[in-house]
Amino acid sequence: MLNIPGPVSETVLEIDLKALVENYHFLRSRILPSTKFMAVVKAFGYGSDAEIVAQKLQTVGADYFAVAYAKEGVRLRDAGITAPILVLHALPGNFDQIIERCLEPNLYSLKILKEFISFAEAYGQTDYPIHIKFNTGLNRLGFNASDVPEILKLLAATKSVKVKTLFSHLAASEDLNEKAFTLKQIENFKEVSEQFSTSLGYSPWRHMLNTSGILNYPEAQFDMVRSGIGLYGYGNDPKHDMMLKPISALKTIISQIHELGPGESLGYNRAFVASEKRKTATLPLGHADGISRLYGNGVGWVMIHGKKAPIVGNVCMDMIMVDVTDIPCTEGDEVQVLGSLSRADALAATAHTISYELITSISQRVTRKFKN
Ligand SMILES: *Cc1c(COP(=O)(O)O)cnc(C)c1O
């Protein structure tokens with residue numbers, strides 16, 4: 001049973017599944033109907049709920065799912081996800097989980113390819129689906145073009161695995177100042193993947209684009225795209241804000257109001273000292289819920305009755321205090337921390353970080369509720 005939102009009585013993350021489906025359809029509208037769509041649901045569905053999000057996307061036709069680690073894929077299988085699941089960061093210690101739960105590993109180095117082949121042979125596998133990742137400039141995970149002859153040799157010597165896709169990842173798809181670099185990465189990928197497929201004798205699907213790649217370089221969609229952040233409503237560029245809708249709202253309530261007189265301090269280490277009369281509200285969420293200490297001392301804010309209330313003093317583990325001197329409000333009133341009035345990308349920017357980090361930080365202590 002889904003946990004449906006009612007009046008807010010504690011800190012909750014409300015997840016709008018209709019917005020998720022609309023974001024999915026918008027992203028799909030930017031690619032050809034024949035291009036497959038891999039939904040990236042790593043890190044608890046970017047801090048939402050990977051299982052519920054994947055179930056919803058499976059019903060509307062997502063072709064593939066991607067997670068970072070094998071254990072995330074296991075949770076999706078336990079939640080009834082039958083679509084193929086790519087494990088972006090397979091590790092040798094997880095091969096048994098991968099094979100037992102029919103997860104598909106990204107193999108990115110000669111070492112891990114050899115180890116997976118031995119493992120698949122020991123498990124008596126034939127044509128086990130694997131994915132080969134090429135490094136085209138990110139220099140994070142992936143084979144270099146010079147590895148191709150050795151990969152082909154290893155593959156030719158076994159029947160245990162079959163290459164389902166070839167892929168690569170862009171370093172700066174959201175940054176149009178890096179367009180020349182991105183185009184070079186796309187060119188590198190085309191070259192290495194064509195050479196690879198020709199020698200392999202069959203053509204695995206190819207994919208390269210993340211969300212910003214879909215929006216900025218649709219000509220490089222190949223056979224499939226991999227989208228994460230866009231599904232959750234962020235497009236890395238204000239020009240997409242009209243089309244994508246944040247799916248999650250982080251809400252809470254005012255626990256207590258305090259009146260501070262001139263010279264009185266607030267919170268740990270007396271980081272805030274009132275120079276004149278102030279009214280503050282204490283809220284039941286803190287850095288253990290995902291509001292980093294970087295947002296304290298006037299950097300971040302929350303919305304109360306449609307008005308911005310800056311965070312004052314240091315963020316505590318379980319609480320923050322906000323300045324409500326000019327906002328008529330009372331104990332028990334609803335507070336929006338993230339949502340339509342307070343976007344994660346805008347709040348994250350105040351602490352010199354990005355929406356990805358802020359939304360994936362919302363901790364498992366926060367109750368998730370689902371609408372639509
Ligand atoms: C996380 C990830 C994605 C998704 O990126 P978004 O910018 O969230 O769309 C795609 N590909 C790889 C390899 C990733 O690690």
Side-chain angles (χ1 to χ4, degrees), residues 20 23-24 26-28 30-31 35-48 50 53-54 57 62-70 72-73 76 84-91 103-109 112 130-143 164-176 178 182 185-186 188-189 193 205-218 220-237 240-241 243-248 344-345 348 353-361:
L20 172 73
N23 292 336
Y24 168 77
F26 168 68
L27 292 161
R28 275 223 98 122
R30 302 294 293 252
I31 55 175
T35 303
K36 287 162 197 72
F37 193 100
M38 176 183 278
V40 182
V41 296
K42 61 195 181 192
F44 298 102
Y46 286 46
S48 61
V53 161
L57 292 173
D63 302 286
Y64 239 100
F65 290 95
V67 293
Y69 301 110
E72 298 177 305
L76 293 185
I85 301 171
L86 166 61
V87 178
L88 290 165
H89 203 155
L91 295 166
L103 306 173
E104 303 180 1
N106 162 26
L107 301 175
Y108 44 82
S109 70
I112 196 168
I130 62 167
H131 302 257
I132 297 285
K133 186 175 197 182
F134 289 106
N135 171 29
T136 54
L138 183 59
N139 292 318
R140 192 174 69 174
L141 282 185
F143 287 103
K164 204 152 157 196
T165 79
L166 304 176
F167 75 110
S168 187
H169 195 37
L170 294 171
S173 58
E174 74 281 21
D175 183 356
L176 294 175
E178 293 291 357
T182 302
Q185 274 198 281
I186 294 169
N188 289 346
F189 178 61
S193 60
W205 294 345
R206 295 186 292 169
H207 47 110
M208 187 165 206
L209 301 182
N210 64 347
T211 300
S212 291
I214 295 169
L215 299 171
N216 295 330
Y217 300 93
Q221 63 192 270
F222 298 100
D223 304 294
M224 182 156 68
V225 295
R226 305 185 301 272
S227 179
I229 198 78
L231 290 169
Y232 307 99
Y234 295 95
N236 296 329
D237 187 325
H240 306 299
D241 289 355
M243 308 308 294
L244 292 168
K245 187 173 171 221
I247 70 163
S248 295
D345 42 12
T353 183
I354 54 175
S355 60
Y356 296 71
E357 183 179 17
L358 178 51
I359 64 177
T360 58
S361 299

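This one's a predicted model, so the numbers in the text were calculated from it and none came from an experiment. Counting convention: from 1, in listed order, for ligands and their atoms alike.
A donor-acceptor pair is defined here as one N or O able to donate and one able to accept, closer than 3.5 Å; such a pair exists between the side chain of Gln185 and the backbone of His169. Side-chain N or O atoms of Arg28 include one that pairs as donor or acceptor with a backbone N or O of Thr35 at under 3.5 Å. Between the side chain of Glu357 and the backbone N or O of Ile354 there is no donor-acceptor pair closer than 3.5 Å. Counting only distance, with no hydrogens or angles, the side chain of Glu174 and the backbone of Asp237 share no donor-acceptor pair below 3.5 Å.
Judged purely by distance below 3.5 Å, without hydrogens or angles, the side chains of Tyr234 and Asn23 never pair a donor atom with an acceptor atom.
Near ligand 1, residues Val40, Lys42, Tyr46, Leu88, Lys133, Arg140, His169, Asn210, Thr211, Arg226, Ser227, Gly228, Ile229, Tyr356 each place a heavy atom inside the 4.0 Å sphere around the ligand atoms.
Ring pair Tyr69/His89: centre-to-centre distance below 6.0 Å.
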